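Beneath this line is the structure, given in structure tokens, with notes to follow.
These figures come from a predicted structure and were not determined experimentally.
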Amino acid sequence: MSNAAHASEDQERSDGPLHVAIIVDGNGRWAAARGLPRAEGHRRGVEALRRVVRAAHELGILYLTIFSFSSENWSRPASEIGDLFGLLRRFIRNDLATLHRDGVRVRVIGERSGLEPDLCALLAEAEELTRNNTSLNLVVAFNYGSRQEIARAAQRLAGEVAAGRRAPASIDADTLGRYLDAPDIPDPDLIIRTSGEQRLSNFLMWQAAYSELVFVPIHWPDFDRAALESAIAEYARRERRFGGLVAKTGS
């Protein structure tokens, strides 16, 4: 995800978004409102993920990015982090075969150093098994932070400059974008955040330069195909200018 220009090019080929990214939020509040433990909210959030992946596939979305665990989430209680990691392990073990059968390619962005070896192995297994699938790209942002991603890209470029392999003047926005975690994936056309919060929270800040943002009051465990279609309908009503003029539909 690196080139904002892809957004306008892709949009010429489709009336709907080709890449939808979702900040999944509200699991804990969903559980608290029902007198349930936060772990139950996260469990129901996994069910919502299954629904949304299926709906995205059926709606012709080619890229679906899910913000599943932020690099800032390490500040949560250890028990909750353990629950989240356990759910990710179970999701991969229980759902990977189905995702592969349905032609879904799994990609993971974020920092893997410091994660437990078995979890890293599961993430690598999911990516390797589904590498050649083409029906839907499911991008999981796990242990991910956008500032950290940009800093890693800058460090790699700085290393090339220090080694004499690159001139500082050769570095522009496109160059830096190619050093992000998944530069081959087009930037998101639409970013959805659930639970009513209206901020990006360190998610795809570079890639979101030309994204449409839709904030919905629904907590993530209640998010479903109808909610996804509603957000896409809101996206379709907007005029996307990209700094220029809008070509009117049917003109």
To the nearest 0.5 Å, atom CG of D25 lies from atom CD1 of I192 at 13.5 Å

Q. Do D187 and H19 get their side chains close enough for a donor-acceptor pair, meaning under 3.5 Å?
A. no

Those residues at least two apart in sequence (or on a different chain) that pass ring pair (Phe, Tyr, Trp, His ring centres under 6.0 Å) with F223 are W220

Exercise. Verify, without hydrogens or angle tests, whether N137 (side chain) and Y63 (backbone) share a donor-acceptor contact under 3.5 angstrom.
Key: no

Rounding to 0.5 Å, atoms CG (L96) and CZ (F91) come to a distance of 8.5 Å

Residue pairs passing the salt bridge (Lys or Arg N to Asp or Glu O under 4.0 Å) test with at least one member in residues 130-139, sequence neighbours excluded, are E128-R131

Residue set satisfying salt bridge (charged side-chain N to carboxylate O under 4.0 Å, His left out) with D95, at least two apart, ordered chain then number -> R50

Could you go through residues 52-61 and list every donor-acceptor pair under 3.5 Å that involves a side-chain atom there, pairing it with any protein atom two or more places apart or in another chain?
{"from": "E58", "atom 1": "OE1", "to": "R225", "atom 2": "NH1", "distance (Å)": "2.4"}

**Message:** With a 4.5 Å cut-off on side-chain heavy atoms, are L176 and L157 touching?
**Reply:** yes

So V139 and L64, do their side chains get closer than 4.5 Å, heavy atoms only? no

Minimal heavy-atom distance between R105 and T130, with the atoms involved, is CG-O, 3.3 Å

Distance col, row T65:OG1 vs I109:CD1, nearest 0.5 angstrom, shows 6.0 Å

CD1 (I92) and CG (L122) are apart, to the nearest 0.5 Å, by 5.0 Å

With heavy-atom distances below 4.5 Å as the criterion, would you say the side chains of R193 and I22 are in contact? no

#### Entry: Stepwise salt bridge (charged side-chain N to carboxylate O under 4.0 Å, His left out) test for E197 and R29
CA-CA 12 Å; E197 304 293 342; R29 277 164 284 176; 3.0 Å; yes

Quick check: F85 with W74 (ring centres under 6.0 Å apart)?
yes

S170 and R166 have their tightest heavy-atom pair at OG-CG, 2.9 Å

With a 3.5 Å distance limit and no angle check, can you tell me whether E149 reaches the backbone of D181 through a side-chain donor-acceptor pair? yes

Side chains of L138 and V104: does their closest heavy-atom pair fall under 4.5 Å? yes

Residue pairs meeting side chain to side chain donor-acceptor pair (under 3.5 Å), one or both in residues 35-45, sequence neighbours left out, come to N27-H42, R38-E80, E40-R43, E40-R44, H42-E80, R43-E47

Item checked: Flag side-chain contact, heavy atom, 4.5 Å: Y144 against F69 -> no

R147, CZ: over 12 other non-hydrogen atoms inside 6.0 angstrom: no

*Consider only side-chain heavy atoms of I, L, V, M, F, W and Y, link residues closer than 4.5 Å, and tell whether V46 and W30 are in one cluster.*
no

ask   = Are I191 and V214 side-chain neighbours, meaning at least one heavy-atom pair lies under 4.5 Å?
value = no

Nearest heavy-atom contact between S135 and L62 is O-CD2, 4.1 Å

Does any part of the side chain of L123, heavy atoms only, come nearer than 4.5 Å to the side chain of L115, both counted from C-beta? yes

For this session: Just do the side chain to side chain contact (heavy atoms under 4.5 Å, CB included) check on T194 and I218 with the steps written out, would you?
Result: CA-CA 6 Å; T194 61; I218 303 169; 5.5 Å; no

Residues passing the salt bridge (charged side-chain N to carboxylate O under 4.0 Å, His left out) test with D102, sequence neighbours excluded, are none

- prompt: Is the backbone N or O of G103 less than 3.5 Å from a side-chain atom of T134, with the two atoms forming a donor-acceptor pair by type?
  reply: no

Nearest heavy-atom approach of H219 to S195 is ND1-CB, 3.4 Å

So CG of N143 and CD of E111: to nearest 0.5 Å the spacing works out to 7.0 Å

dist S70:OG -> R76:CZ (nearest 0.5 Å) comes out at 8.5 Å

Checking the side chain of N94 only, and the main-chain atoms of R90 only, is there a donor and an acceptor separated by less than 3.5 Å? yes

Nearest heavy-atom approach of S211 to P188 is OG-O, 2.6 Å

When every non-hydrogen atom of D118 is compared with those of R89, the smallest separation belongs to OD2-NE, 2.7 Å

Using the salt bridge (charged side-chain N to carboxylate O under 4.0 Å, His left out) rule, take E212 and R237 through it: C-alpha gap first, then chi angles, then the decisive distance, then the call. CA-CA 11 Å; E212 296 295 328; R237 287 191 290 269; over 6 Å; no

Inset, instruction - Check the pair I232, L190 against side chain to side chain contact (heavy atoms under 4.5 Å, CB included), reporting the backbone distance first and the verdict last. - result: CA-CA 8 Å; I232 291 173; L190 169 63; 4.2 Å; yes

Exercise. Show your reasoning for whether salt bridge (charged side-chain N to carboxylate O under 4.0 Å, His left out) applies to D184 and R107.
Key: CA-CA 11 Å; D184 57 312; R107 305 280 296 274; 3.0 Å; yes

Polar side-chain atom of N202 near backbone of S146 as donor-acceptor pair, under 3.5 Å: yes

